[in-house]
Amino acid sequence: MRTGDELPPLRIPITRTLIVAGALASRDYQDVHHDAEAAKEKGSPDIFMNILTTNGLVGRYITDHFGPRARLRKVAIRLGAPNYPGDEMVLTGEVTSVAEGTAEVAVTGRNGIGHHVTGKVTVQLPTDAPGTGDARKGTTDAPGTGGARKGTTDTPATTDAPTEITTPDTPR
């Protein structure tokens, strides 16, 4: 793996079920994520995906590529165009740096309206990841200590500021 490497795209159909299930799983009970009439009353054409679901999908994209033992260290995303039911989001990524067993990846998620999500993810690579060589000499990556989806929050974020979720070093 080298700076400039592109990750293969991930296509995600945006369904009502995905939007509602993501909101419920992240305990975001705001009506705009599950009630189409309430969303319309508030000026939206339909329900739309919450930022925590988007954050989870970005994490999935990274760990699907780097493997289940990769550890998310930082996810900093900004929302743009909403994800509405019936659309598709295509996640793409480019490695922007590789150093000392970690990689930084610029991630973009596009839908039919435009950019839904942009951001950067810092990921700690497993010692046997392609292209890591001896970069992590002296560190450990014991089986069972990974946790690609650690570091969540129950506080909904706004689209005005990037959401940063930093993963603690302690295992779950």
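In this text the structure is predicted, and so the values were computed from the model without any measurement. Below, each value reflects all heavy atoms present in this structure, side chains not excepted, and no hydrogens, waters or symmetry copies.
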TODO: With side chain to side chain contact (heavy atoms under 4.5 Å, CB included) as the test, would you mind laying out the steps for Val107 and Thr118 before giving the verdict?
DONE: CA-CA 6 Å; Val107 176; Thr118 56; over 6 Å; no
TODO: Mind running side chain to side chain contact (heavy atoms under 4.5 Å, CB included) on Tyr61 and Val121 for me, showing each step along the way?
DONE: CA-CA 10 Å; Tyr61 177 57; Val121 177; over 6 Å; no
Open item on the list: If we count only N and O atoms by modelled type, under 3.5 Å, do the side chains of Thr54 and Asn83 hold a donor and an acceptor together?
Closed with: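 Result is no, nothing qualifies.
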Task: Thr102-Gln124 side chain donor-acceptor pair, cut-off 3.5 Å - done: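 Result is no, nothing qualifies.
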Locate the shortest heavy-atom distance separating [X] from [Y]; write the atom from each residue and the value.
| X | Y | value |
| --- | --- | --- |
| Pro8 | His65 | CD-ND1, 3.7 Å |
| Met89 | Leu57 | CE-CD1, 3.9 Å |
| Ala23 | Asn50 | CA-ND2, 3.7 Å |
| Asp46 | Ala36 | OD1-CB, 3.6 Å |
| Val90 | Pro9 | CG1-CB, 3.9 Å |
| Glu94 | Gly4 | OE2-CA, 3.7 Å |

Distance check, rounded to the nearest 0.5 Å: [X] atom [atom1] versus [Y] atom [atom2]?
| X | Y | atom1 | atom2 | value |
| --- | --- | --- | --- | --- |
| Leu72 | Arg60 | CG | CZ | 13.5 Å |
| Asn111 | Tyr84 | CG | OH | 9.5 Å |
| Asp87 | Ile12 | CG | CD1 | 12.0 Å |
| Ile62 | Leu91 | CD1 | CG | 8.5 Å |
| Ile47 | Ile14 | CD1 | CD1 | 11.0 Å |

- [ ] Begin from the C-alpha positions of His115 and Thr108 and carry the test side chain to side chain donor-acceptor pair (under 3.5 Å) through to its verdict.
- [x] CA-CA 7 Å; His115 287 95; Thr108 302; 5.0 Å; no
Open item on the list: Per the ring pair (Phe, Tyr, Trp, His ring centres under 6.0 Å) rule, what does the pair list look like for residues 9-52, sequence neighbours excluded?
Closed with: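 Residue pairs with at least one partner in residues 9-52: His33-Phe48.
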TODO: Under the side chain to side chain contact (heavy atoms under 4.5 Å, CB included) rule, what do Ile77 and Asn55 come out as? Steps first, then yes or no, please.
DONE: CA-CA 7 Å; Ile77 60 172; Asn55 192 78; 3.7 Å; yes
Open item on the list: Test of understanding: clusters of I, L, V, M, F, W, Y form through side-chain heavy atoms closer than 4.5 Å, transitively. Do Val20 and Val32 belong to the same one?
Closed with: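 No; Val32 is not reachable from Val20 via cluster members.
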Could you tell me whether a side-chain N or O of [X] sits under 3.5 Å from a main-chain N or O of [Y], the two making a donor and an acceptor?
| X | Y | result |
| --- | --- | --- |
| Thr63 | Gly59 | yes |
| Thr15 | Leu18 | yes |
| Asp5 | Arg2 | yes |
| Thr53 | Met49 | no |

TODO: Please examine the side chains of Val105 and Lys120, heavy atoms only from C-beta on, and report whether any two atoms are closer than 4.5 Å.
DONE: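 Side chain of Lys120 against side chain of Val105, heavy atoms only: no contact under 4.5 Å found.
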